Amino acid sequence: MNATAITRKKILFANFPADGHFNPLTGLAIHLEKIGYEVRWYTSKIFTEKLKKLQIHHYPFKKALDPEDGDFDKALPGRTEKKSQIAKLKFDIIHAFILRGPEYFEDIQEIYQEYPFDLLVADCAFTGISFVTELMKIPVVSIGVFPLSEKSRDLPPNGLGLTPSGSFAGKIRQRLLHRLCEGLIFRGPDKVLHRQYDTYGIPHNREGVFDMLIRKSDLLLQSGSPGFEYYRSDLGENIRFIGPLFPYTKPERSTPWFDPRVRQYKKILLVTQGTVEKDTNKIIVPTLEAFRDSNTLVIATTGGNGTEKLRKLYPQSNFIIEDFIPFADVMPYANAYITNGGYGGVMLGIKHQLPLVVAGKHEGKNEICARVGYFNLGINLRTEKPLPRQICAAVNKVMTDPLYRHQVKGLAREFSKFKPEELCARHIGKLLEWHAFHSPVHPQHSPIQTQPAFAEE
C-alpha cells in the first residue's frame, strides 16, 4: 500500500503505563507517520514529555488509573504487602491489568468522538483491546513487548519462569502444572475477568487475560524472533514475528558517549536494572562489590536511582557510574551484559552479541531470564538479589565458555534478517485493506493471507 492510499488513515496507539510497554512502540509510531498515517497516542501522563518531543498528539488517561511517576506500589494499596512472587503476580493481574480495562474503554470512547480512528495499535498487555474489538468493532494490532504469553500444550504455564520439557515425564508434569495453576493461581484473576466480560457482553472461552488479549487482537506482532521463543505446535494463527522492535532514536546524533577507560581494560561489563527498579542493592551494588579494585571495568547505568550515593561508595577507578548512557554507544565496548531481564534491553544486548548474566523474577522478568538460560545466551541466576560471588562466577563463565558467545552471535544474525517497522507497516496495511473491503461487523480474526508465523519474511 503506497503513502497516497493511506494518507488519511487514523491510528490510535495505546499502552499499559510502563516504559517497557511504551518505548518499543515509539519507533513504529514514527515510521507509520513518515509513510502517511495519522498517529495519536492514548497513555499515562508520565509519557507527556516524550510524546511532545516525538510531536505526537497525546490523549492522557482520564478515567483510567494513572500511577504517579509510574509507581504502582503507591497507586495500588496493598501491593507492597504481597511478598511472594505468586501473590504479587495474582495481585498485579487483577489490579494493574484486569480492573483497568473498563476505564480504558471509557476514555477511548470519548477519544473516538474527536478522533474516529481506523485502527488501534496497543502493547499486548493493554486490557482495553477486547473492548475495542468486541464493542467498538474496530480492528486492533497488538505488539508483543515481552515473551509470548499464549498458553500452549507444549509448554509449562506462563508466568512462573519455567522452561519446557520434551520428555514424556516432563510433558505429564507440565499438564499437571497447568491444572494446578488454573485452580490455585489464576482461578481468582480469571473469575474477575470473566465476570467483567459477562457484564459488558464480551464473549470469552473462560481463558486467562493475556490469552484473551491475544485472541481478541486481529494480529499480534511479536517483538523478537522464533530463535528467542519456545517452539509451539499450536501457535495462534494471528501471531507474527517481526524481529526486535526498539525505541525510536533520532537519526542525527550528538557526539557519542566515550570514556578513555574503555581503551585501558580488556574486560568490560555493562550492568543495569533499567529505570523501574529503584533498589540498586539488587544487582548494581553486588556487581560493584564483585569487581571492586579488579582488572575489570564496570559500567553501571542507574536510571537516575542513587547515582551520586553509589559514586561516593564506589570511587574506584574501574567503575563508571552514570544515570544513563545510550546503550548503542556503550555496548560495542562491553564483553558481557548484566541485567535484571528487561525485554528490550536483553534483545539489544543480543543484537550487540553480548553474552548475558540475568537476575530477575518479578513483572514477568522470570520468563525473559528463563529464555536466556534455556537458549544458552547467558546464565540465569534465578533470583532478584544475587550475591557478588554468584555474579562474579557467572560473568567468568559466560566470558570464557565459547558456547554463550556462539549462541548470542547466532541469534544476533537471526535478528538482523528482520526489518521490524517495515514488517509491521506491511501487516497493518493488509489488515486495513481487508477491513476497507469487507463488512464493518468485526470478526474475531480477519482471514488475511500471510506467511506461516515461523517463516522469515
Side-chain angles (χ1 to χ4, degrees), residues 15 18-29 31 123-125 142-149 161 163 220-230 239-249 270-277 283 301 303 324-332 334-360 363-380 398 404-424 453-454 456-457:
N15 68 279
D19 283 346
H21 298 246
F22 171 83
N23 291 335
L25 276 61
T26 55
L28 173 59
H31 179 76
D123 80 271
C124 59
S142 58
I143 308 296
V145 294
F146 48 71
L148 189 56
S149 61
T163 55
L220 171 73
L221 303 181
Q222 179 62 39
S223 181
S225 69
F228 194 42
E229 187 52 70
Y230 305 135
I239 296 171
R240 310 284 181 268
F241 286 93
I242 55 168
L245 197 61
F246 295 121
Y248 174 73
T249 55
L270 173 63
V271 58
T272 186
Q273 294 179 179
T275 57
V276 176
E277 182 52 71
I283 296 179
T301 63
F324 170 78
I325 302 173
F327 278 3
D329 291 351
V330 69
M331 280 185 170
N335 303 113
Y337 179 38
I338 306 168
T339 172
N340 60 344
Y343 195 53
V346 165
M347 288 197 295
L348 195 58
I350 294 167
K351 177 184 176 181
H352 287 274
Q353 302 182 20
L354 294 177
L356 302 150
V357 174
V358 291
E363 290 86 35
K365 290 183 174 63
N366 58 346
E367 289 291 337
I368 302 163
C369 295
R371 284 160 172 78
V372 169
Y374 182 80
F375 293 110
N376 290 314
L377 303 165
I379 293 177
N380 177 15
V398 300
Y404 300 104
R405 191 165 294 279
H406 172 78
Q407 291 296 101
V408 170
K409 283 185 176 180
L411 188 52
R413 285 194 296 271
E414 182 174 307
F415 279 5
S416 69
K417 296 177 182 179
F418 290 85
K419 295 182 178 179
E421 288 83 7
E422 293 179 19
L423 273 175
C424 288
F454 274 89
E456 291 176 1
E457 301 202 32

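What you see is a predicted model; the values in this text were computed from it and never measured. Just so you know, these numbers use all the heavy atoms, side chains as well, and skip hydrogens, waters and symmetry mates.
With hydrogens and angles ignored, the 3.5 Å screen pairs no side-chain donor or acceptor of T301 with any backbone N or O of G303. The backbone N or O of Q273 lies less than 3.5 Å from a partner atom in the side chain of N340, making a donor-acceptor pair. Remark: the backbone N or O of G224 is not paired with any side-chain donor or acceptor of E229 at under 3.5 angstrom. E367 places no side-chain N or O within 3.5 Å of a backbone atom of P147 that could act as its donor or acceptor partner. At distances below 3.5 Å, not a single donor-acceptor pair connects side-chain atoms of Q222 with backbone N or O atoms of R240.
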Throw together a table of side-chain donor-acceptor distances under 3.5 angstrom for residues 345-357, partners on residues two or more places apart or in other chains.
none

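When each of T272, I283, L270 is checked for a side chain to side chain contact (heavy atoms under 4.5 Å, CB included) with I338, only I283 meets the rule.
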Give the intermediate values and the outcome of side-chain contact (heavy atoms from CB on, under 4.5 Å) for residues Y230 and T163. CA-CA 8 Å; Y230 305 135; T163 55; 3.6 Å; yes
Determine, step by step, whether Y337 and F327 satisfy the side-chain contact (heavy atoms from CB on, under 4.5 Å) criterion, reporting the C-alpha distance in whole Å, the side-chain angles of both residues, the deciding distance to 0.1 Å, and the verdict. CA-CA 11 Å; Y337 179 38; F327 278 3; 3.4 Å; yes
Audit row: N380, C369, side-chain contact (heavy atoms from CB on, under 4.5 Å) steps and yes/no: CA-CA 6 Å; N380 177 15; C369 295; 3.5 Å; yes
Verdict with reasoning, L423 to L221, per side-chain contact (heavy atoms from CB on, under 4.5 Å): CA-CA 9 Å; L423 273 175; L221 303 181; over 6 Å; no
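Across every non-hydrogen atom of L411 and S225, the tightest pair is CD1-OG, 3.6 Å. Residues K365 and G341 share a closest heavy-atom pair of CG-O, 3.8 Å. Among all heavy-atom pairs drawn from L245 and E421, the shortest one is CD1-OE2, 3.8 Å. The shortest non-hydrogen separation linking G161 to N366 is N-ND2, 3.3 Å. Considering all non-hydrogen atoms of both residues, A328 and P332 come closest at O-CD, 3.3 Å. Closest heavy-atom contact between L25 and D123: CD2-N, 3.9 Å.
To the nearest 0.5 Å, atoms CZ (F246) and OG1 (T26) are separated by 12.0 Å. Here the OH-CG distance, from Y404 to N376, works out to 6.0 Å after rounding to the nearest 0.5 Å. The distance from the CD atom of E422 to the CD1 atom of I242 is 12.0 Å, given to the nearest 0.5 Å. Rounding to the nearest 0.5 Å gives a distance of 5.5 Å between CD1 of I143 and CG of L28. Residue S149 holds its OG atom at 8.0 Å from CG of L220, rounded to the nearest 0.5 Å. Atom NE2 of H21 is separated from atom CZ of F146 by 6.0 Å, given to the nearest 0.5 angstrom.
In this structure, F324 has no ring pair (Phe, Tyr, Trp, His ring centres under 6.0 Å) partners at least two apart in sequence or on a different chain.
In this pair, F375 and F228 present their aromatic rings tilted. The plane angle is within the 30 to 60° band.
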